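These numbers come from a predicted model, not from an experiment. Per chain, numbering begins at 1; letters A, B, ... match sequence-line order.
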2 protein chains.
Amino acid sequence: MLDATFAALADPTRRAILARLAQGEATVSELAAPFAMSQPAVSKHLKVLEKAGLITRGRDAQRRPCRLAAEPLREATEWLAGYRDYWEESFQRLDSLLRGME
Amino acid sequence: MLDATFAALADPTRRAILARLAQGEATVSELAAPFAMSQPAVSKHLKVLEKAGLITRGRDAQRRPCRLAAEPLREATEWLAGYRDYWEESFQRLDSLLRGME
DNA sequence: GTGATATAAAACCATCAAGTTAAATAACTG
DNA sequence: CAGTTATTTAACTTGATGGTTTTATATCAC
C-alpha cells in the first residue's frame, strides 16, 4: 500500500485536500472550491485518495462527504522512521516538533 | 520538494535502493544486481532519486558510488508529523467509543 | 592503442496521470 | 413531473513514467 500512499501524497492538490480534511469532513464541491481546476478533476483526485485509503466517503442526499482516514499516513511515517538515524542532528529538531504537538 | 520526494518514494524499486543505501555506499552495478531489470533502468531510478535529493553520487574511477542523503526524508516526515496528532486523536476517539460500549 | 568494465545517453514503446469538456446519474425542491 | 444541485462517468489530449535495446563515454589494465 506504500506505493499508492506515496503516489497520492506526491501531488500538491491532494496534499491540500488532506490538509483541508484534517479540519473536518467536507463535500466534493467544498473541496473543489479553492482550486483553479474543474470539479471533475478534483473528483479524480478524490478517487486517487480513496483508492490509497486516505479518505472515506459517506452519503448525505446528493452529497458525498469526505473524511480523512489517516492510517496510511501512519504506515508511511513508520516506513520513514526507519531512516531517522540518517538525519540525526536534525532529528532532534523533529523530535521537539513532535513533542510540541502533543 | 515534497512532490519529488513522495513521487520518488512511490516506487518499490527506489525504496529498495534506498534501503540498500542505508547500509552504506554502493555502486550502480551493485545496486542493479538484485533487480530483474536492465542496468539503464536502474540508472534511471537513480536519476530520479538524485533529482529528488535523496542520493548523492561520487566518483571512483569508472564507478559512480551512490550515498543516501536523507534530508528530504526528514522533510517528508515533518509533513507527515502534522497529521500525527490527527490519527492519534482518532484512535483515542475510537478507543473511548469502544470503552463506552462495554 | 586495444580491450574490458562501469555507467550514461538516445531512441523508442506502452502505459499511466492530470487535466479538459460534455453527458449521465442521483437526489432534492416546487 | 420539471428543474436544480451534487457528483460521477466517458472520451479525449498531453505529457510523464518505466521499461527496453543500442550506442556512446570514461577509466582502467595490459
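Among residues two or more places apart in sequence or in another chain, the salt bridge (Lys or Arg N to Asp or Glu O under 4.0 Å) test is passed with B:Arg63 by B:Asp60. Under the salt bridge (Lys or Arg N to Asp or Glu O under 4.0 Å) criterion, B:Glu30 pairs with no residue, sequence neighbours left out. Scanning for side chain to side chain contact (heavy atoms under 4.5 Å, CB included) contacts around A:Ser29 gives A:Thr27, with sequence neighbours left out. Under the salt bridge (Lys or Arg N to Asp or Glu O under 4.0 Å) criterion, B:Arg14 pairs with no residue, sequence neighbours left out. In terms of the side chain to side chain contact (heavy atoms under 4.5 Å, CB included) criterion, residue partners of B:Arg67 (sequence neighbours excluded) are, by chain and number, B:Glu25, B:Thr56. The side chain to side chain donor-acceptor pair (under 3.5 Å) check on B:Ser43 picks up B:Gln39, with sequence neighbours excluded.
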Q. Reading nucleotides 16-30 of chain C 5' to 3', which nucleotides get B (base under 4.0 Å from a protein heavy atom), which S (sugar-phosphate only), which -?
A. --BBBBB----BS--

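Within residues 20-35 of chain A, the residues approaching DNA chain D are A:Thr27, A:Val28, A:Ser29, by heavy-atom distance under 4.0 Å.
For residues 13-35 of chain B, the set of pairs meeting the ring-ring contact (aromatic ring centres under 6.0 Å, His included) definition, not counting sequence neighbours, is empty. Listed by first and then second residue, the salt bridge (charged side-chain N to carboxylate O under 4.0 Å, His left out) pairs involving residues 35-53 of chain B are B:Glu50-B:Arg57 (not counting sequence neighbours). Pairs of residues two or more places apart, or lying in two chains, that qualify as ring-ring contact (aromatic ring centres under 6.0 Å, His included) and include a residue from residues 51-79 of chain B are B:Phe6-B:Trp79, B:Trp79-B:Tyr83.
Reading DNA chain D from its 5' end, the first and the last nucleotide to sit under 4.0 Å from a heavy atom of chain B are D:dG18 to D:dC28.
To the nearest 0.5 Å, the span separating OG1 on B:Thr13 from CG on B:Leu31 amounts to 11.5 Å.
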